[in-house]
Amino acid sequence: MSAVMTTGPLASAEAVLELLREWEDAGWLRGVDRALVRFLHEQAPAASPLALLLAALASHQVGRGHVCLELDALLQAPDATLSLPPEGEPGSRPPPRPSSVLQGVSAAKVAEALQGSGLAGPGEAGGTPLVYTGEQVYLRRYWESERRIGQAIRARLADREAWQGALDEQAARDWLDHLFGPPAEATTDPDWQRLACALAAGSGFSVITGGPGTGKTTTVLRLLALLQGLQGPEDPLRIRLAAPTGKAAARLNASVSGALDRLGLDQLPDGDALRRNLPAEVVTVHRLLGARPDTRHFRHGARNPLAVDVLVVDEASMIDLELMASLVEAVPRTARLILLGDRDQLASVEAGAVLGELCHRAGGGHYTPSTAQWLEAVTGMAVPEAMQDAAGQALDQHIVMLRESHRFGADSGIGRLAAAVNSGEALNAPDGDDAVLQKVLAGPEDPALVTLAVDGRADTLEGEAVGYAGYLEGLRAARPAPAAPRAAWEDWARDVLAAHGRFQLLCAVRRGPWGLETLNRRIAAALQARGLLEGDAGRIDGQWVEGRPVIVTRNDYALGLINGDIGIALAVPAWLARGEPEAGADNGDAPVLRVAFLAAGDGGRVRWVLPNRLEAIETAFALTVHKAQGSEFEHVALVLPEADSPILTRELAYTAITRASRWFSLLEPRAGTLAAASQRQIRRSGGLRQWLRDSP
């Protein structure tokens, strides 16, 4: 049986390339996907057309965040698996859809095409650009990254007994009593923060997951105090804190500083030394690993591990597969690796959903009786029977889910809305989308006020744009005198950045009337109409004017900027722009524009950047929900598109809602869009669970 079709798009390699060109023109495929197939055809001209098509689809899936192409799903529902848009308007002539191209293609034909192509082989054999497992097709580098993560974590899981054996259980319990107070008697609801500290202290690898306000930062600081207390002040542990983006690092920096003040360490044994030995600086993961400019490689890795005893990584849901592979290999086996994050948030923009795969069973606990007994001995608290499982997997014993939100109470509108979206149930009730939403949002007034606007009119959107007026008004009113000290200018820039960060408009899509590009222009026009912004709103993306906020879209190690960092263009004195320490005789020179960024992990120092040096930036009046991950704003306004789309998912809506700390506004051009999104979940394809399922 031959895997080569005699007619149609799979008749020849040339026919496949033409099909891919049509798909690219229709926006169904990226240019890089087609370019890969052209390269593979040149390298292996005898490869069958079906094998070339599968290579393109595997690359396409990577572009959508998947690690691999799931073959069973592809053959059963090609269009849905590839997340193609629905059929076009009647009378239009779209290119052939995958469902028609793959009609009649069986699993046996796929296997024959791949095995005889010279392009695909088993992962362990190496040498082929594709890896074929029998169930999935990978681009090799993603299979390698998944393997590296799986092997590194498996090795850490195997060390669990050694870590627990090295822990002084009575001393650990005494320190937990210092940090949390004695455990309450006869309670049926344990303190999961206390259990998380104990579990992580007795392991070389642990994950602490939970929604906003569940106390992940406070928990990990208590954990670090516990570990330093057990270590003693004479030989302190080398502890590092990291986050994926500059914004997330800056936010964790602020959280750590506030939480340290609330812990009351001065009342603990050797409290002064304990406080000195706890880390106060957070760096980006790229900076921690020593990113090498213009490559995917890092200075630290398996052969040159990090000099740490404990590494804590926050917002781990944002870390993609390749970065996580580099991270886990760079942490020495003798050090503890602790991941923090919300498993329900959107995964990374790049391929992989590592935290989601690690935590997919976290809600049920699945602690074995031996783990439950050990935890009770160390914490004095019993693990609920419902959370115990005699058949619990090795990975389950290293994961704790925090369950009580201290930011959003039971009566909080934002908390209720986030929970309803996350469950997918309340918004799908039979009495109509608007009625159900209003019930979810109705409740006692509290600081977490929620507003709902089912209205697509321009004036509604522009009314939300005034949320940016505050930082622009403050920018002008508080501007220092030209000869003011450098510190005054840096304080001013920090205040402007903080004021801008109090409100953020988020959108789900980039294009269209409710997409990122249009919204940025409309907001700029609304602000210009109020006299708060200069320039041409239609050219805001290519025009530097004071007050323009920008987001970095690609790491720039030469400038010390990381993907996700936000800066604002500010007019500053020429002497400050030149880097001089203070104003000189020429302080009357005309001001010049510089973009102010807050340098994460650098003591809150302001970094002034020449606009022309910023190559990969976008205007940031509106941000996509993905780009807002790791951030928190007092007020978030989410704008959903009018047309339904596969990218409108439960995870996207939940992430947007939980970026707000006090107010959340929803703008729906078409009522029911949020309810529909809550019924659609992301499932990123990958095999990490298989690597870890049979861990010792």
Side-chain angles (χ1 to χ4, degrees), residues 2-5 8-75 78-79 81-84 95-147 321-322 350-352 684-687:
S2 172
V4 178
M5 310 299 174
L10 295 179
S12 66
E14 290 71 22
V16 168
L17 287 169
E18 176 58 23
L19 173 68
L20 299 182
R21 184 196 63 75
E22 294 183 51
W23 285 358
E24 182 185 352
D25 291 344
W28 295 356
L29 207 69
R30 301 174 301 165
V32 68
D33 305 326
R34 187 162 68 99
L36 171 68
V37 173
R38 285 200 305 268
F39 172 77
L40 294 178
H41 178 48
E42 292 171 0
Q43 300 301 308
S48 73
L50 180 55
L52 294 174
L53 177 65
L54 293 170
L57 299 183
S59 179
H60 166 80
Q61 292 296 77
V62 166
R64 294 183 49 248
H66 297 283
V67 177
C68 60
L69 174 66
E70 297 278 1
L71 292 174
D72 282 349
L74 175 72
L75 295 181
D79 298 347
T81 300
L82 300 172
S83 287
L84 293 190
R97 298 180 71 81
S99 51
S100 64
V101 173
L102 292 171
Q103 190 171 9
V105 174
S106 64
K109 287 183 178 179
V110 166
E112 179 186 358
L114 290 171
Q115 291 170 351
S117 67
L119 299 176
E124 294 79 2
T128 57
L130 304 179
V131 172
Y132 172 51
T133 68
E135 298 176 351
Q136 300 117 344
V137 178
Y138 288 81
L139 301 185
R140 174 164 293 279
R141 80 185 226 213
Y142 294 97
W143 183 88
E144 289 284 358
S145 294
E146 196 172 78
R147 176 188 62 81
L321 188 81
E322 291 188 286
E350 305 297 332
R684 287 195 169 181
S685 299

Fill in: His60 side, atom NE2; Leu20 side, atom CG - distance, nearest 0.5 Å
11.5 Å

Discussion item. For Leu130 and Arg140: C-alpha separation, side-chain torsions, deciding distance, then whether side-chain contact (heavy atoms from CB on, under 4.5 Å) applies.
Written reply: CA-CA 5 Å; Leu130 304 179; Arg140 174 164 293 279; over 6 Å; no

Worksheet item: Counting distance only, does the side-chain N/O of Ser99 pair as donor-acceptor with the main-chain N or O of Pro78 below 3.5 Å?
Response: no

Worksheet item: Looking at residues at least two apart in the chain, or sitting in another chain, which of them share a side chain to side chain contact (heavy atoms under 4.5 Å, CB included) with Ala46?
Response: none

Worksheet item: If we only count heavy atoms from C-beta on, is the Val131 to Leu139 side-chain gap below 4.5 Å?
Response: no

Item to complete: Grab the two heavy atoms, one from Trp23 and one from Leu53, that are nearest each other, plus how far apart they are.
Response: CZ3-CD1, 3.8 Å

Fill in: Spacing of Leu102 atom CG and Leu57 atom CG [to the nearest 0.5 Å]
7.0 Å

Worksheet item: Quick one: CG on Leu114 to NZ on Lys109, what's the gap to the nearest 0.5 Å?
Response: 14.0 Å

Worksheet item: side chain to side chain donor-acceptor pair (under 3.5 Å) with Ser100: which residues, sequence neighbours excluded?
Response: none

List the atom pairs, with distances to 0.1 Å, where a side-chain N or O of residues 35-43 and a protein N or O form a donor-acceptor pair under 3.5 Å, not counting sequence neighbours.
none

Item to complete: Report yes or no: is the cationic atom of Arg97 (NZ for Lys, CZ for Arg) closer than 6.0 Å to the six-membered ring centre of Trp28, at no more than 45° off its axis?
Response: yes

Worksheet item: Are Leu19 and Pro96 side-chain neighbours, meaning at least one heavy-atom pair lies under 4.5 Å?
Response: yes

Discussion item. Are the side chains of Leu82 and Leu74 in contact, using a 4.5 Å heavy-atom criterion?
Written reply: yes

Practice prompt. Using salt bridge (charged side-chain N to carboxylate O under 4.0 Å, His left out) as the criterion, list what pairs up with Glu24, not counting sequence neighbours.
Written response: Arg34

Item to complete: Given side-chain contact (heavy atoms from CB on, under 4.5 Å), test Leu75 with Val105 step by step and report yes or no.
Response: CA-CA 7 Å; Leu75 295 181; Val105 174; 4.2 Å; yes

Worksheet item: Distance from Tyr132 atom OH to Ser117 atom OG, nearest 0.5 Å?
Response: 10.5 Å

Worksheet item: So, do Leu50 and Glu112 sit near enough that their side-chain heavy atoms are less than 4.5 Å apart?
Response: no

Fill in: Contact summary for Asp79 and Pro98, nearest pair of heavy atoms
OD1-CD, 3.3 Å

Worksheet item: Is there a donor-acceptor pair closer than 3.5 Å between any side-chain N or O of Asp33 and the backbone N or O of Ala56?
Response: no

Worksheet item: Do Glu322 and Ser145 come close enough that some side-chain heavy atom pair is under 4.5 Å?
Response: yes

Worksheet item: Passes side-chain contact (heavy atoms from CB on, under 4.5 Å), Leu119 versus Leu52? Steps please.
Response: CA-CA 9 Å; Leu119 299 176; Leu52 294 174; 3.9 Å; yes

Fill in: Any side-chain heavy-atom pair of Val62 and Leu69 under 4.5 Å
no

Worksheet item: Which residues pass the side chain to side chain contact (heavy atoms under 4.5 Å, CB included) test with Glu70, sequence neighbours left out?
Response: Cys68, Ala73, Gln136, Arg683, Ser685

Worksheet item: Strictly by modelled atom types, are Glu146 and Tyr138 linked by a side-chain donor-acceptor pair under 3.5 Å?
Response: yes

Discussion item. With heavy-atom distances below 4.5 Å as the criterion, would you say the side chains of Pro122 and Thr133 are in contact?
Written reply: no

Item to complete: Please identify each residue that fulfils salt bridge (charged side-chain N to carboxylate O under 4.0 Å, His left out) with Glu18, with sequence neighbours left out.
Response: Arg21

